[in-house]
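Have a look at the structure below, then the notes.
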Amino acid sequence: MSEPGSARWDRDVGSHRARWVRTAIVPLVVVAVGGAAWALAPVPVPVLAGDAPEYLQLTRNLAALNGYSLADAPPFEPTAFRGPGYPLFLLAATLGLHLPLAAVAVAQILLQAAMAWAVACAVRSTTASALWGVGAGLLAGLYPTVVRYNLILLTEGLATSLVTLAGVMSWRLLVAEDRSPAREGSTGWLGVGLLLGFSSLVRSEMVAFAAAFLLVPWFGSRRSRSRWGAVLLLGLGTAALVGPWATRNYMVTGRLTLTTDLSEQVPVGYMHWLITWMDHPRYVQAIAWDVASFGRYDPSAFPPNAFVSEAERDRVHGLLSSTRGSALVGSPADSAFEELARERRRHKPLQVFLTTPLLRVVRSWAYLPTAGVYRPWYAKGRPPADIIEAASPRHWPQVLLILLSLALLGLGTLGALLSLGPSGRVLLPFTVLLLGRIALLWVAHPEPRYSLEAIPSAVVLACWCVCLLFARVRGPSAIP
């Protein structure tokens with residue numbers, strides 16, 4: 001009988017060099033595919049869309065020593081709306097804007113390749129299979145939305161690479177402690193904290209993940225002394241980067257703001273009302289961002305489930321009509337929407353806290369493969385919205401990607417739950433990243449891109465879960 005493919009790949013499992021050479025295929029392929037995607041992109045790379053102009057303005061002001069401001073002319077009023085992580089990254093990648101913006105895309109693709117290699121090494125070690133490792137690394141690095149966002153001048157691609165590298169580093173520290181029980185707490189946790197701190201300055205919600213990461217060494221370490229040291233170093237690393245920025249924000253705005261002050265440009269009350277009912281990504285642009293940012297109000301964009309009564313419908317339309325053409329931020333209408341949100345939470349708790357968030361999570365992950373600013377390459381000539389709405393057997397690439405995304409969500413979540421047992425303790429970093437992203441969608445509107453940072457962690461946990469289930473079928477001795 002012929003030898004199985006996976007057995008051939010792992011036949012010389014004792015050869016350390018052979019295992020590393022095999023996983024080294026992953027970053028090479030990721031860089032090659034990133035370059036091909038760059039060449040085939042229907043718009044110039046990096047794509048300047050969405051919030052990119054704001055990040056560029058912040059970077060240019062920093063380079064010109066005009067302070068951290070969104071203004072393009074004096075006086076340069078300081079802002080706390082955007083964290084400084086991405087503008088600093090742009091400044092470093094372009095050498096203070098002396099290099100073209102293409103250097104940013106190059107840097108993001110290289111970090112994407114490093115992230116994919118780290119995932120490959122983690123899965124290879126966890127499953128004891130180089131074949132699984134290479135497959136997982138390629139899936140994490142070549143997931144369509146990961147490739148696409150690393151060609152866009154936005155924070156999601158960089159944040160995905162940074163938090164995944166932090167997760168793999170944490171996993172490696174836990175594995176090293178298991179293999180050397182007498183080893184003292186490693187200073188590597190300080191590096192994890194620095195990565196998480198910088199990630200928090202890149203994307204503001206990551207500060208909550210950095211706090212949740214304190215649970216990783218606390219529950220993942222077997223020794224009390226190592227546990228305390230790791231938590232301390234992890235916290236110090238994060239605080240070393242977030243602390244100075246929070247201090248600056250307090251001095252500038254008079255408010256304690258750890259990363260970003262959303263109240264500058266986001267109508268918080270209106271957003272709170274939206275998440276009490278919004279359960280589908282198709283509503284986000286027209287109802288959330290067009291209304292909140294530009295005052296564009298289209299009554300026909302609101303679905304029937306947005307209102308619990310005719311009275312609420314009339315009130316909402318009246319509030320939005322009164323602010324048509326102007327931003328909601330700081331207006332009396334925004335306070336009225338906060339009151340509507342409180343009423344909905346009080347009268348419809350099951351819908352607000354369970355059924356709607358669950359639909360948000362599933363639908364956001366289903367739409368994740370087409371999340372991006374420009375259309376997918378397999379559908380040239382059709383905008384992303386049409387591809388999303390036309391998810392039928394006639395559009396088989398979209399259907400396959402939806403199934404892949406939902407499989408990662410399901411198997412990854414199952415793997416995360418299984419990792420809470422003793423056999424999966426070292427996988428806690430990936431569990432925190434995946435469950436944290438699911439929790440974010442539970443309390444935010446359904447933006448598929450909010451799940452992007454969880455894709456590599458879902459890949460690791462899904463691979464481990466599948467291997468674990470197969471091993472249990474074959475027998476306890478085969479469990480990795």
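Given the structure is predicted, the values throughout are model-derived calculations rather than measurements.
When all heavy atoms are compared, the tightest approach of Asn61 to Ser69 is ND2-O, 2.6 Å. Here the shortest heavy-atom pairing between Leu165 and Leu195 reads C-CD1, 4.1 Å. Taking each heavy atom of Pro75 and Ala71 in turn, the nearest pair found is O-CB, 3.9 Å. Taking all atoms of both residues into account, the shortest heavy-atom contact from Val432 to Ala212 is CG1-CB, 3.9 Å. The two residues Gly237 and Leu194 make their nearest non-hydrogen contact at O-CD2, 3.4 Å. The two residues Ile402 and Pro369 make their nearest non-hydrogen contact at N-CG, 4.2 Å.
Residues Trp442 and Val361 have side chains in contact (heavy-atom distance under 4.5 Å, counting atoms from C-beta outward). Inter-residue side-chain proximity for Phe470 and Val466 is flagged as met; some heavy-atom pair is nearer than 4.5 Å. Using a 4.5 Å cut-off on side-chain heavy atoms (C-beta onward), Val106 and Trp38 make contact. Counting only heavy atoms from C-beta outward, the side chains of Pro78 and Arg248 approach each other to under 4.5 Å. Two residues are said to be in side-chain contact when any heavy atoms from C-beta on lie closer than 4.5 Å; Leu461 and Leu418 fail this criterion.
Within the 3.5 Å criterion, the main-chain N or O of Thr259 finds no donor-acceptor partner in the side chain of Thr257. Between the side chain of Thr238 and the backbone N or O of Leu234, at least one donor-acceptor pair lies under 3.5 Å. A donor-acceptor pair under 3.5 Å is formed between the side chain of Asp334 and the backbone N or O of Tyr270. With Tyr86 contributing its side chain and Leu154 its backbone, the two residues share a donor-acceptor pair below 3.5 Å.
Ring centroid separation for the pair Trp365 and Tyr450 does not come in under the 6.0 Å cut-off. Aromatic pair His445/Trp273: centroids not less than 6.0 angstrom apart.
A tilted orientation is assigned to the rings of Phe430 and Trp171, their planes being inclined by 30° to 60°.
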Discussion item. The test is ring-ring contact (aromatic ring centres under 6.0 Å, His included); show your working for Trp245 and Tyr250 and say whether it passes.
Written reply: CA-CA 9 Å; Trp245 175 247; Tyr250 183 77; over 10 Å; no

Discussion item. For Glu177 and Leu173: C-alpha separation, side-chain torsions, deciding distance, then whether side-chain contact (heavy atoms from CB on, under 4.5 Å) applies.
Written reply: CA-CA 6 Å; Glu177 183 187 299; Leu173 291 168; over 6 Å; no

Discussion item. If you apply the rule side-chain contact (heavy atoms from CB on, under 4.5 Å), what do you find for Trp189 with Met169, and how did you get there?
Written reply: CA-CA 8 Å; Trp189 289 107; Met169 187 183 296; over 6 Å; no

Discussion item. Would Val216 and Leu174 count as a side-chain contact (heavy atoms from CB on, under 4.5 Å) here? Give the steps.
Written reply: CA-CA 9 Å; Val216 172; Leu174 293 176; 4.0 Å; yes

Item to complete: Output, in order, the C-alpha distance, side-chain angles, deciding distance and verdict of side-chain contact (heavy atoms from CB on, under 4.5 Å) for Thr356 and Met278.
Response: CA-CA 7 Å; Thr356 297; Met278 188 177 281; 5.9 Å; no

Worksheet entry | Intermediate values then yes/no, salt bridge (charged side-chain N to carboxylate O under 4.0 Å, His left out), Glu447 and Arg360 | CA-CA 9 Å; Glu447 284 266 24; Arg360 262 201 301 269; over 6 Å; no

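With values rounded to the nearest 0.5 angstrom, Arg82 atom CZ is found 8.5 Å from Thr260 atom OG1. Between the CG atom in Leu428 and the OG atom in Ser170 there is a gap of 10.0 Å [rounded to 0.5 Å]. From Leu233, atom CG reaches atom OG1 of Thr187 across 7.0 Å, with rounding to the nearest 0.5 Å. Distance check, rounded to the nearest 0.5 Å: CD of Gln57 to CZ of Phe76 gives 7.5 Å. Atom CG of Leu404 is separated from atom CG of Leu368 by 10.0 Å, given to the nearest 0.5 angstrom. Within the model, atoms OG1 of Thr160 and CZ of Arg203 stand 8.5 Å from one another, a figure rounded to the nearest 0.5 Å.
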Give every donor-acceptor pair under 3.5 Å between a side-chain atom in residues 406-417 and any protein atom, sequence neighbours left out.
unit_1, atom_1, unit_2, atom_2, d
Thr413, OG1, Leu409, O, 2.6

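Cation-pi geometry between Arg449 and Tyr149 is not met at under 6.0 angstrom from the ring centre and within 45 degrees of the axis.
No option in Leu162, Leu110, Val146 other than Val146 meets the side chain to side chain contact (heavy atoms under 4.5 Å, CB included) test with Met115.
A salt bridge is defined here as a Lys NZ or Arg NE, NH1 or NH2 lying under 4.0 Å from an Asp or Glu carboxylate O, and Arg345 with Glu338 meets this definition.
Between Thr431 and Ser419, the side chains place a donor N or O and an acceptor N or O closer than 3.5 Å (distance only, hydrogens not considered). A donor and an acceptor atom, one from each side chain of Trp117 and Gln112, are nowhere located under 3.5 Å apart.
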